[in-house]
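Okay, so here's the structure we're looking at.
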Amino acid sequence: MEVRTRFAPSPTGYLHIGGARTALFNYLFAKHHSALGGGKFILRIEDTDVARSTEDSTQAILDGMQWLGLNWDEGPYFQSKRFELYKGHAYKFLEMGKAYKCFCTPEELEKRREEALKQGRPPKYDGRCRNNPPSPPLTKGGKEGFAIRFKVPHGITLVKDLIKGNVAFNNDEIEDLVILRSDGTPTYNLCVVVDDATMEITHVIRGDDHLNNTPKQIMLYEAFGYPLPQFAHLPMILGSDKTRLSKRHGATSVMSYKEMGYLPHALVNYLARLGWSYGDQEIFSIHELIEKFSLENVGKSSGVFNPEKLIWLNQHYLKEAKPEELSLLLIPFLETKGYKVSADKRLVNIIKGFQERSKTLVEMAGAAEFYFKEDIQYEEDAAKKFLTPDMATIFEILISRLNSLQALTHEAIEAIFNDIINEKGLKLGKVAQPVRIALTGGKVSPGIFEVIENLGKETTIKRIKKAIEFIKSRN
RNA sequence: GGUCCCAUCGUCUAGAGGCCUAGGACGGAGCCCUCUCAAGGCUUAAACACGGGUUCGAAUCCCGUUGGGACCGCCA
């Protein structure tokens with residue numbers, strides 16, 4: 001049988017880190033099996049809450065998934081377009097006597113819940129409408145004035161979870177859940193079951209915050225006579241204080257990582273290793289993830305989101321990336337800084353110098369700025385320390401020798417520097433560092449020969465001349 | 001409060017009763033390399049929550065305690 005997984009977010013916000021990992025695991029599981037013969041990854045938008053769902057959120061989720069490369073094989077399906085299907089199921093229950101009309105108003109329910117909580121009783125629906133006769137009208141026009149509740153049978157419901165193992169629930173602890181609201185709209189538990197069953201989902205992989213819902217859903221499957229999917233409940237992702245990851249822990253939206261200059265694969269690799277492992281391996285290509293992913297190697301305990309490790313992975317992939325590919329990714333970041341740059345050979349060469357020095361594309365764009373600026377500013381302390389009077393003559397020599405150079409190659413530049421330090425009896429650092437300040441304005445940059453090469457003869461000489469003037473004006 | 005889940009370095013984790021003097025990775029510390037910063041190389045500190053069992057033998061199995069988390073909606 002073909003493996004079919006799904007990611008089913010509700011469009012009430014952006015795609016966040018936790019959702020992305022759930023989507024990733026579903027994707028990897030399906031693709032793993034698709035390589036073995038059959039596997040589909042389905043996207044379904046759970047927008048039954050009309051008040052909170054927005055189209056912007058749907059788009060944001062789609063964008064996030066596309067950026068991560070989590071391409072779905074089917075969908076997106078929208079629950080809002082399937083209301084009649086759910087309603088039909090609810091009314092079928094009514095006819096079968098497996099559900100009943102509940103005339104309690106939300107206000108009454110809320111009041112009773114509060115009272116129960118105050119008295120230390122479980123805030124469970126008391127079932128007072130349970131024995132209402134299945135009276136007509138069984139209208140389907142909406143605004144029924146009553147909700148439909150599922151009649152939870154007595155007994156024990158066993159969840160056979162692929163990650164958590166067997167978990168038994170006593171049905172008496174579970175209240176008769178509303179499956180159709182009094183405004184005629186279906187609720188979550190009804191929709192998931194109807195959808196997962198009719199979409200023939202074989203593996204429901206989701207956060208373990210849903211574990212407590214699972215017995216309810218199993219009862220619905222059984223009441224409908226639908227075959228049960230396999231369940232796999234993933235442990236939660238926590239923030240540094242070990243509570244559920246949320247905005248106050250910092251960036252949680254997937255797209256904010258794009259904006260911060262992360263590579264999508266770095267995030268994918270990080271998320272894959274958060275809760276899943278494959279021996280001691282840390283670095284995985286997407287191909288390897290698909291090949292090696294299995295639910296058996298998913299851990300049971302929740303994990304803390306660690307931005308430091310994500311940064312390390314990002315740096316790693318920045319280092320490994322082809323500079324040509326990076327140039328395309330870097331351009332937007334340079335543009336937001338106001339530089340119009342094209343993806344040419346020069347940009348590629350520039351990038352090579354920053355691949356081992358940047359943690360993010362944002363950082364890279366910042367560090368590379370001196371290449372594109374018309375006028376550079378000196379860092380105050382750097383200028384004071386390195387643009388000293390004795391450097392003026394060395395700068396003059398440098399200018400004349402660079403001027404006489406035919407081609408500005410790395411080797412030729414290095415030879416010039418070597419000659420100068422040998423003649424003057426200096427160490428390379430004594431010359432390189434002042435030149436670095438003169439050319440970049442700061443104390444940190446790629447290798448100085450490389451900087452000169454990429455800057456070009458004209459700009460290099462112009463900036464050194466400016467440094468000489470600066471030195472003279474100061475003394 | 002009730003129900004459920006979870007428990008190895010600060011963090012992510014390896015570990016399927018003897019291979020464990022507990023391994024790897026991030027982060028930390030130190031050293032080397034070096035034109036700066038990185039990268040890289042080497043070294044190092046750092047954990048089986050606690051208490052009982054079971055067993056010749058337990059990080060691993062069982063029970064309890066403690067701690068953490070999730071869920072208890074006409075949200076999803």
Side-chain angles (χ1 to χ4, degrees), chain A residues 8-12 46-49 51-53 79 102 104-106 109-110 113 116-125 146-149 159 161 163-165 167-170 173-175 177-183 185-189 191-192 207-215 233 235-236 238 240 242-244 270 273-283 297 299-313 315 319 353-359 367 382 386 414 417 421 427-437 440 442-449:
Chain A
S10 65
T12 53
E46 307 219 321
D47 54 350
T48 53
D49 186 342
R52 293 201 303 155
S53 299
Q79 290 189 327
C102 174
C104 303
T105 65
L109 259 15
E110 182 54 32
R113 207 184 339 267
L117 237 29
K118 212 175 347 180
Q119 294 171 18
R121 286 185 290 117
K124 197 184 127 186
Y125 177 64
F146 57 84
I148 296 180
R149 278 186 193 271
V159 178
D161 193 273
I163 293 168
K164 305 282 185 183
V167 186
F169 291 86
N170 186 341
E173 305 285 349
I174 299 166
E175 68 173 7
L177 53 142
V178 171
I179 53 175
L180 200 73
R181 301 185 187 97
S182 48
D183 65 359
T185 59
T187 62
Y188 165 73
N189 284 114
C191 298
V192 236
D208 71 11
D209 48 339
H210 286 286
L211 189 54
N212 287 304
N213 282 323
T214 309
H233 286 94
M236 296 276 93
L238 311 177
S240 49
K242 305 222 177 192
T243 63
R244 196 182 172 148
Y270 176 73
R273 277 289 286 99
L274 219 197
W276 173 82
S277 63
Y278 190 80
D280 284 341
Q281 190 171 345
E282 296 286 350
I283 305 293
N297 289 326
K300 290 179 170 187
S301 50
S302 47
V304 174
F305 183 79
N306 182 353
E308 298 286 310
K309 190 156 179 185
L310 208 208
I311 285 183
W312 171 71
L313 278 163
Q315 187 170 235
K319 217 161 51 195
F354 292 105
Q355 284 185 268
E356 289 184 348
R357 281 168 244 263
S358 308
K359 293 178 162 63
F386 294 104
E414 185 167 4
F417 272 76
I421 62 172
K427 284 205 161 185
L428 181 56
K430 290 294 275 183
V431 180
Q433 200 59 354
V435 173
R436 174 169 285 116
I437 313 302
T440 73
K443 290 176 295 208
V444 175
S445 86
I448 198 66
F449 312 137

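Within every chain, numbering begins at 1; the chains are lettered A, B, ... in the order of the sequence lines, protein sequences first and strands thereafter.
Distance NZ (A:Lys124) to P (B:C72): 15 Å, rounded to an integer number of Å. In this structure, the OH atom of A:Tyr278 is 18 Å from the P atom of B:A25, given to the nearest Å. Distance CG (A:Asp161) to C1' (B:C71): 15 Å, rounded to an integer number of Å. The separation between A:Asn297 atom CG and B:A16 atom C1' is 12 Å, rounded to whole Å. Rounded to an integer number of Å, the gap from A:Leu177 CG to B:C75 C1' is 14 Å.
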Sequence-aligned protein contact record of nucleotides 2-8 of chain B, with B where the base is within under 4.0 Å of a protein heavy atom and S where only the sugar-phosphate is: SBSSSS-
Nucleic acid footprint by protein, nucleotides 32-37 of chain B - heavy-atom cut-off 4.0 Å, B for base, S for sugar-phosphate alone: ---BBB
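With distances taken from any side-chain atom of A:Arg52 to the nucleotides B:A76, B:C75, B:G69, the minimum falls on B:C75. In this structure, the nucleotide among B:A14, B:C74, B:A39 sitting nearest to the side chain of A:Ser277 is B:A14. Ranking B:A14, B:A76, B:C12 by closeness to the A:Glu282 side chain, first place goes to B:C12.
Residues passing the side-chain contact (heavy atoms from CB on, under 4.5 Å) test with A:Val178 are A:Ala147, A:Arg149, A:Thr187, sequence neighbours excluded. Applying the ring-ring contact (aromatic ring centres under 6.0 Å, His included) rule to A:Phe417 yields the partners A:Phe449; only residues at least two apart in sequence or on another chain are considered. For A:Asn212, the side-chain contact (heavy atoms from CB on, under 4.5 Å) partners at least two apart in sequence or on another chain are A:Phe169. Contacts of A:Phe354 classified as ring-ring contact (aromatic ring centres under 6.0 Å, His included), with partners at least two apart in sequence or in another chain: none. Under the side-chain hydrogen bond (donor to acceptor under 3.5 Å, both in side chains) criterion, A:Gln315 pairs with no residue at all, not counting sequence neighbours. Scanning for side-chain contact (heavy atoms from CB on, under 4.5 Å) contacts around A:Ala51 gives A:Asp49, with sequence neighbours left out.
In this structure B:C50 sits in a base pair with B:G64, meeting the Watson-Crick or G-U test at under 3.5 Å. Using N1 to N3 plus N6-O4 or O6-N4 for Watson-Crick, or N1-O2 and O6-N3 for G-U wobble, each under 3.5 Å, B:A39 pairs with nothing. When both pairing distances are held under 3.5 Å, B:A59 makes no Watson-Crick or G-U pair with any nucleotide shown. With a cut-off of 3.5 Å on both pairing distances, B:A16 has no Watson-Crick or G-U wobble partner at all. Taking a pair to require two hydrogen-bonding distances under 3.5 Å in either a Watson-Crick or a G-U wobble arrangement, B:U11 pairs with B:A25. Nucleotide B:C71 is matched to B:G2 when pairs are restricted to Watson-Crick or G-U wobble geometry with both distances under 3.5 angstrom.
Within the 4.0 angstrom heavy-atom criterion, only backbone atoms of the sugar-phosphate kind lie near A:Lys319; the bases stay farther away. Residue-level contact check: A:Glu175 touches the backbone only, with heavy atoms under 4.0 Å from sugar-phosphate atoms and none from bases. No contact: A:His233 has no heavy atom under 4.0 Å from any strand. At a threshold of 4.0 angstrom between heavy atoms, the contacts of A:Thr243 are confined to the sugar-phosphate backbone, with no base atom among them. A:Gly275 comes within 4.0 angstrom of sugar-phosphate atoms only, judged by non-hydrogen atoms across all strands, and of no base. Contact annotation for A:Ile148: no contact, since no heavy-atom pair falls under 4.0 Å across all strands. Residue-level contact check: A:Cys191 touches neither bases nor backbone, having no heavy atom under 4.0 Å from any strand.
Between the side chain of A:Lys164 and the backbone N or O of A:Lys300, at least one donor-acceptor pair lies under 3.5 Å. Distance alone, capped at 3.5 Å, is enough to place a donor-acceptor pair between the A:Gln433 side chain and the A:Lys443 backbone.
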Listed pairs, N/O of protein and of nucleotides 26-28 of chain B, under 3.5 Å:
unit_1 : atom_1 : unit_2   : atom_2 : d
B:C26  : O2'    : A:Lys309 : N      : 3.3

Strictly under 3.5 Å: I want the nitrogen or oxygen pairs between protein and nucleotides 20-22 of chain B, one per line.
none

Polar-atom pairs under 3.5 Å, protein N or O versus N or O of nucleotides 42-47 of chain B: list them with distances, or write none.
none

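As rounded to the nearest Å, B:U11 and B:A16 have P atoms that lie 23 Å from one another. Taking atom P in both B:A25 and B:U43, the straight-line distance is 11 Å, to the nearest Å. Nucleotides B:C62 and B:C5 are separated by 13 Å at their P atoms, to the nearest Å.
At least one side-chain nitrogen or oxygen of A:Arg181 sits closer than 4.0 Å to the OP1 or OP2 atom of B:A76. At least one side-chain nitrogen or oxygen of A:Arg149 sits closer than 4.0 Å to the OP1 or OP2 atom of B:C74. Between A:Arg113 and the phosphate of B:G73, there is a side-chain N or O to OP1/OP2 separation shorter than 4.0 Å. Look at A:Lys242 and you'll find a side-chain N or O under 4.0 angstrom from OP1 or OP2 of B:U11. Phosphate proximity of B:A76 to A:Thr48: present, with a side-chain N or O under 4.0 Å from OP1 or OP2.
No side-chain N or O of A:Arg436 forms a donor-acceptor pair with one of A:Thr440 less than 3.5 Å apart. Using a 3.5 Å distance cut-off with no hydrogens or angles, the side chains of A:Thr12 and A:Arg52 do not pair a donor with an acceptor.
Toward the 5′ end of RNA chain B lies the nearest nucleotide of A:Phe305, the other residue of the pair A:Ser10 and A:Phe305 mapping further downstream. Checking A:Pro186 against A:Gln281, the closest nucleotide of RNA chain B that is more toward the 5' end is the one next to A:Gln281.
At a cut-off of 3.5 angstrom, the base of B:A76 holds at least one donor-acceptor pair with the side chain of A:Asn213. Evaluation of atom-type donor-acceptor distances gives a pair under 3.5 Å for the side chain of A:Ser182 against the base of B:C74.
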Mind listing the side-chain donor-acceptor pairs of residues 273-280 of chain A below 3.5 Å, one per line with the distance, residues two or more places apart or on another chain?
unit_1   : atom_1 : unit_2   : atom_2 : d
A:Arg273 : NE     : A:Gln281 : O      : 3.3
A:Arg273 : NE     : A:Glu282 : OE1    : 3.4
A:Arg273 : NH1    : A:Trp276 : O      : 3.0
A:Arg273 : NH2    : A:Glu282 : OE2    : 3.2
A:Trp276 : NE1    : A:Ser294 : O      : 3.4

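Residue A:Tyr270 holds its OH atom at 5.5 Å from CZ of A:Phe305, rounded to the nearest 0.5 Å.
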